[in-house]
Amino acid sequence: MVSYKDLGLVNTRDMFAKAIKGGYAIPAFNFNNMEQLQAIIQAAAETKSPVILQVSKGARQYANSTLLRYMAEGAVQYARELGWEHPQIVLHLDHGDSFELCKDCVDMGFSSVMIDGSHLPYDENVALTRKVVEYAHKYDVTVEGELGVLAGVEDDVKAEHHTYTRPEEVVDFVTKTGCDSLAISIGTSHGAYKFRPEQCHVDPATGRLVPPPLAFDVLEGVMKELPGFPIVLHGSSSVPQEEVDTINKYGGKLKAAIGIPEDELRKAAALAVCKINIDSDSRLAMTAAVRKVLAEHPEEFDPRKYLGPARENMRKLYIHKIVNVLGSNGKAE
Ligand code: G3H
Ligand code: 13P
Ligand code: ZN
């Protein structure tokens, strides 16, 4: 049993309370490899932003769960080395799908876990979330639950259509489970294809596709039922057009990739949304830089020559999110 406290990590409790009061959101960035982790820590240290390092079940399988855990411990030391005196870093399990997985993460030094029972019948979601909370809270690990289903793919769970969160269920869910934060469904979804072009209209100024707005009435309904309770938005990548264009210019084949407009995320962050999940944008930034270097320098075969620029592109992306979208810069001096 390793306590996250001994690794210099923190849970989400104070971080979320401050974010709600301050009208900003904490970035939750997924990582699977060293370059992503370096870029996240560099961006957070430079901007003095609290940050949530998210690890999915797939990331643990890809990178090895023990190694990832030590990387997160190393991240705290790295942040200090970069001159960030009091780093506020959470190590969080993204989309935990069983009690056993959540328990394993708590036992390995995670400071926060998500148990995603959103695809289950309501009572089963409550029972599973409750079980995880009972275990996690013994070690002061915070727990994110989910109500409502996002369109697209939620790890192994496929949902063809959104099922928005029902505000009339949230008080019962939070009371019965004791969860510390709640992920809700208001129209975001995972991946780089969040909307079909026929759902969008063309912005005459830019010629770009603008998706339909998020269901802010649902968010406001939830806030009315649960005043001051931390709300989480998954599927919040904006799918920057310039990264998509670069990927396609250098041999990629991404078609009509559409994300969540940044002004919608700013609006959510000013309300009760205090954790915003971003993974796809980092994948796009990394892929765009790698494709560009390899296309322009086909003679190159030193991975540092293309993973270095990829890391730098992700660092810039994370700083942009922190400063211009979430507003979490300077909140962890
Ligand atoms: O919500 C899912 C995250 O983007 C993680 O994706 O399961 O492919 O690691 P992954
Ligand atoms: P994106 O695919 O929009 O980046 O969402 C990531 C996410 O929700 C991770 O849990
Ligand atoms: Zn997610």
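We number each residue from 1, following the sequence as shown. Just so you know, ligand 1 is whichever comes first in the structure, and atom 1 is the first atom listed for that ligand. Nothing here was measured: the structure is a model prediction, and the numbers come from that model.
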_From the candidates S56, G235, S189, the one that places a heavy atom nearest atom 5 (O) of ligand 2_ = G235
*May I ask you to test the F110-D104 pair for a side-chain heavy-atom distance under 4.5 Å?*
no
_Checking contacts here: is it the side chain or the backbone of N30 that comes within 4.0 Å of ligand 2, counting heavy atoms only? Could be both or neither._
side chain
*Considering only heavy atoms of S280, which atoms of ligand 2 have at least one such atom less than 4.0 Å away?*
1 (P), 2 (O), 4 (O)
_If the cut-off is 4.0 Å to any non-hydrogen atom of H95, which atoms of ligand 2 fall inside it?_
10 (O)
*Out of H234, R283, Q54, who gets a non-hydrogen atom closest to atom 10 (P) of ligand 1?*
R283
*Check: E296/Y250 side-chain N/O donor and acceptor closer than 3.5 Å*: yes
*Look at atom NZ of K305 and say whether more than 12 heavy atoms of other residues, nucleotides or ligands are closer to it than 6.0 Å.*
no
_If I take the Zn ion (ligand 3) as the centre, what angle separates the ND1 atom of H234 from the NE2 atom of H95? Nearest 10 degrees is fine._
90°
*Heavy atoms only: give me the nearest T188-L150 pair and the separation to one decimal.*
O-CG, 3.4 Å
_Test item: side-chain donor near acceptor, Q88 and D14, under 3.5 Å_ = no
*Looking only at distance, does N32 have an N or O less than 3.5 Å from an N or O of ligand 1?*
no
*Check each heavy atom of N277 against ligand 1 and say whether those closer than 4.0 Å belong to the side chain, the backbone, both or neither.*
neither
*Contacting atoms of ligand 2, where contact means under 4.0 angstrom from a heavy atom of H234*: 8 (O), 10 (O)
_Using a 4.0 Å cutoff against the non-hydrogen atoms of D279, which atoms of ligand 1 qualify?_
3 (C), 4 (O), 5 (C), 6 (O)
*When you look at CZ of R166, are more than 12 heavy atoms from neighbouring residues, nucleotides or ligands closer to it than 6.0 Å?*
no
_Ligand-side contact atoms (ligand 2) for residue partner I278, heavy atom cut-off under 4.0 Å_ = 4 (O)
_Using a 4.0 Å heavy-atom cut-off, which part of D279 comes near ligand 2: side chain, backbone, both, or neither?_
both
*Please report which non-hydrogen protein atom sits nearest to atom 10 (O) of ligand 2, along with the residue it belongs to and the distance in Å to one decimal place.*
D94 OD2, 2.7 Å
*asked:* Only heavy atoms of H190, strictly under 4.0 Å: list the atoms of ligand 2 that pass.
replied: 2 (O), 5 (O), 6 (C), 7 (C), 8 (O), 10 (O)
*Which ligand 1 atoms are under 4.0 Å away from a heavy-atom of N30?*
3 (C), 5 (C)
*For T142 and T12, test the side chains for any donor-to-acceptor distance below 3.5 angstrom and give the result as yes or no.*
yes
*Has the side chain of S111 got a donor or acceptor atom that lies under 3.5 Å from a matching backbone atom of V90?*
no
_Please work out, at 4.0 Å between heavy atoms, whether the side chain, the backbone, both, or neither of S236 comes within that distance of ligand 2._
backbone
*Closest non-hydrogen protein atom to atom 3 (O) of ligand 2, residue and atom name please, with distance?*
K194 NZ, 2.5 Å
*Tell me yes or no: between the side chains of D217 and Y164, is some donor less than 3.5 Å from an acceptor?*
no
